[in-house]
Amino acid sequence: MKKGRYVVLASGRGSNFQAILDRTRDGYIPAECAALITDNPGAKAIFRAQDAGVPVDVVDYRAYPDKTRYEKALITAISRYSPDLVILAGYMRLLGDRIVDEFSGRMMNIHPSLLPAFPGLHAQRQALEYGTKVAGCTVHFVTKDMDAGPVIIQRTVPVLDDDDEDSLAERILTEEHQAFPESVRLFFEGRIRLSGRKVRILS
Ligand code: GAR
């Protein structure tokens, strides 16, 4: 059977991208990484892709006159690799309706909070400021509303009295590196059923 393919979109450090690459290389994820696409020519994720021999496309939003044209170029870049799944791994740009429609049900994002709590930027800081006792991460399908799509996997961590934003972010990141590869694996194993906004995982 032909192996499934995914494309990763990342804007920065790319540690989630690396975790997914590592778990692909060791056979845990039964698919191949077709490309990294980034909006940031300075993204550290680019070096990770190069080290792994993964093709890189830079679609720099600054090169386009408006969001519509930027997103058209992004759709073209992604579609060139015919991916079964599009993975947003620290992709820090809000996507418009057209691209979300194009990859509906096959685009995943990770967010460093237990959604629907603390969507948007600085989720870990929001959790600390609110004073929650648990925090965590969420992998979800991408829909038109930001950080509001059907939840695939969530993992929790305690919030400690002496946490600052960095220590909490680091504890959550460790869980992200488990939750994201697991979600990608479930997708390629055909074990995710989406019904309305509910995700069921087949055993
Ligand atoms: C991760 O913590 C991810 O959850 C977050 O950005 C970080 C990227 O790290 N994403 C968002 O906040 C999206 N709203 P990485 O580049 O090392 O994977």
Side-chain angles (χ1 to χ4, degrees), residues 6-26 28-29 33 36-52 54 56 58 60-61 85-95 100 107-143 145-187 199 201:
Y6 63 82
V7 160
V8 175
L9 269 60
S11 300
R13 180 179 55 181
S15 73
N16 276 288
F17 170 47
Q18 187 70 57
I20 291 166
L21 272 181
D22 291 347
R23 297 315 312 266
T24 301
R25 229 176 312 179
D26 72 14
Y28 175 77
I29 295 173
C33 181
L36 169 75
I37 297 177
T38 182
D39 56 328
N40 173 14
K44 194 174 164 201
I46 293 174
F47 296 107
R48 299 182 189 273
Q50 288 168 341
D51 281 351
V54 168
V56 178
V58 179
D60 185 348
Y61 69 96
L85 179 67
V86 178
I87 298 173
L88 307 186
Y91 182 75
M92 300 311 271
R93 200 157 288 285
L94 267 185
L95 295 176
V100 172
M107 186 185 268
M108 282 180 188
N109 179 45
I110 191 154
H111 184 75
S113 80
L114 297 172
L115 291 171
F118 314 132
L121 290 176
H122 308 298
Q124 303 94 334
R125 189 189 304 167
Q126 293 185 59
L128 282 174
E129 284 173 355
Y130 193 92
T132 61
K133 300 295 186 192
V134 286
C137 63
T138 303
V139 182
H140 63 91
F141 284 114
V142 176
T143 55
D145 297 322
M146 184 187 66
D147 296 331
V151 171
I152 302 165
I153 287 185
Q154 292 186 303
R155 290 177 72 105
T156 60
V157 299
V159 180
L160 306 181
D161 287 344
D162 59 354
D163 264 334
D164 59 18
E165 208 177 328
D166 288 344
S167 62
L168 180 59
E170 200 178 312
R171 194 173 311 114
I172 294 172
L173 196 62
T174 304
E175 300 306 314
E176 295 185 39
H177 295 164
Q178 302 291 324
F180 220 176
E182 188 180 346
S183 303
V184 175
R185 173 183 160 102
L186 289 170
F187 181 90
V199 166
I201 307 293

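Counting from 1, the numbers follow the sequence of the chain as shown.
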| request: Would you please name every residue forming a salt bridge (charged side-chain N to carboxylate O under 4.0 Å, His left out) with D147, sequence neighbours left out? | output: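 Partners of D147 under the salt bridge (charged side-chain N to carboxylate O under 4.0 Å, His left out) test: none.
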| Considering residues at least two apart in sequence or located in another chain, which fulfil the salt bridge (charged side-chain N to carboxylate O under 4.0 Å, His left out) criterion with E170? |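 For E170 there are no salt bridge (charged side-chain N to carboxylate O under 4.0 Å, His left out) partners, ignoring immediate neighbours.
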How close do [X] and [Y] get, heavy atom to heavy atom, and via which atoms?
X    : Y    : value
F17  : A89  : N-CB, 4.1 Å
M108 : V142 : C-CG2, 4.0 Å
C137 : A179 : SG-CB, 4.1 Å
Y91  : L9   : CB-O, 3.5 Å
P158 : D163 : O-OD2, 4.2 Å
P41  : I46  : O-CD1, 3.4 Å

| field | side chain to side chain contact (heavy atoms under 4.5 Å, CB included) assessment of R155 paired with Q178 | value | CA-CA 9 Å; R155 290 177 72 105; Q178 302 291 324; 3.6 Å; yes
| Pairing residues for T156 by the side chain to side chain donor-acceptor pair (under 3.5 Å) criterion, not counting sequence neighbours |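 In terms of side chain to side chain donor-acceptor pair (under 3.5 Å), with neighbours along the sequence ignored, T156 is linked to no residue.
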| field | Set of side chain to side chain donor-acceptor pair (under 3.5 Å) partners for E182, sequence neighbours left out | value |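 Per chain and number, E182 pairs via side chain to side chain donor-acceptor pair (under 3.5 Å) with no residue.
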In Å, rounded to the nearest 0.5 Å, how long is the span from [atom1] of [X] to [atom2] of [Y]?
X    : Y    : atom1 : atom2 : value
I172 : H111 : CD1   : NE2   : 9.0 Å
N16  : F180 : CG    : CZ    : 6.5 Å
I201 : F187 : CD1   : CZ    : 12.0 Å
D162 : S167 : CG    : OG    : 6.5 Å
L85  : I20  : CG    : CD1   : 8.5 Å
R48  : L36  : CZ    : CG    : 10.5 Å

| Any side chain to side chain donor-acceptor pair (under 3.5 Å) pairs touching residues 134-143, not counting sequence neighbours? |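 Listed by first then second residue: N109-H140, T138-Q154.
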| field | Under 3.5 Å: donor-acceptor pair, side chain of R23, backbone of Y28 | value |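 Here the side-chain-to-backbone pair does not exist.
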| Backbone of D166 reached by a side-chain donor or acceptor of Q124 within 3.5 Å |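 Side chain of Q124 to backbone of D166: no pair is present.
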| request: Please collect all salt bridge (Lys or Arg N to Asp or Glu O under 4.0 Å) contacts where either partner lies in residues 133-143, sequence neighbours excluded, each pair once. | output: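 Counting only pairs at least two positions apart or across chains, no salt bridge (Lys or Arg N to Asp or Glu O under 4.0 Å) contact touches residues 133-143.
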| task | Kindly state each residue pair satisfying salt bridge (Lys or Arg N to Asp or Glu O under 4.0 Å) with at least one member in residues 115-131, sequence neighbours excluded. | result |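 Non-adjacent pairs meeting salt bridge (Lys or Arg N to Asp or Glu O under 4.0 Å): R125-E165.
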| query | What pairs with F118 under ring pair (Phe, Tyr, Trp, His ring centres under 6.0 Å), at least two apart in sequence or on another chain? | reply |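 With sequence neighbours excluded, F118 shows a ring pair (Phe, Tyr, Trp, His ring centres under 6.0 Å) to Y130, given in chain and number order.
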| field | Working for side chain to side chain contact (heavy atoms under 4.5 Å, CB included), residues L173 and S15 | value | CA-CA 9 Å; L173 196 62; S15 73; 3.7 Å; yes
| task | Would you mind reporting whether I110 and P112 have side-chain heavy atoms less than 4.5 Å apart? | result |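 No, every pair of side-chain atoms sits at 4.5 Å or beyond.
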Contacts of [X] that satisfy side-chain contact (heavy atoms from CB on, under 4.5 Å) - sequence neighbours left out:
X    : answer
L121 : M92
A19  : H177, P181
V134 : L114
A52  : L21, R25, V54

| request: Decide yes or no on side-chain hydrogen bond (donor to acceptor under 3.5 Å, both in side chains) for S11 and D39, but give the supporting numbers first. | output: CA-CA 6 Å; S11 300; D39 56 328; 2.8 Å; yes
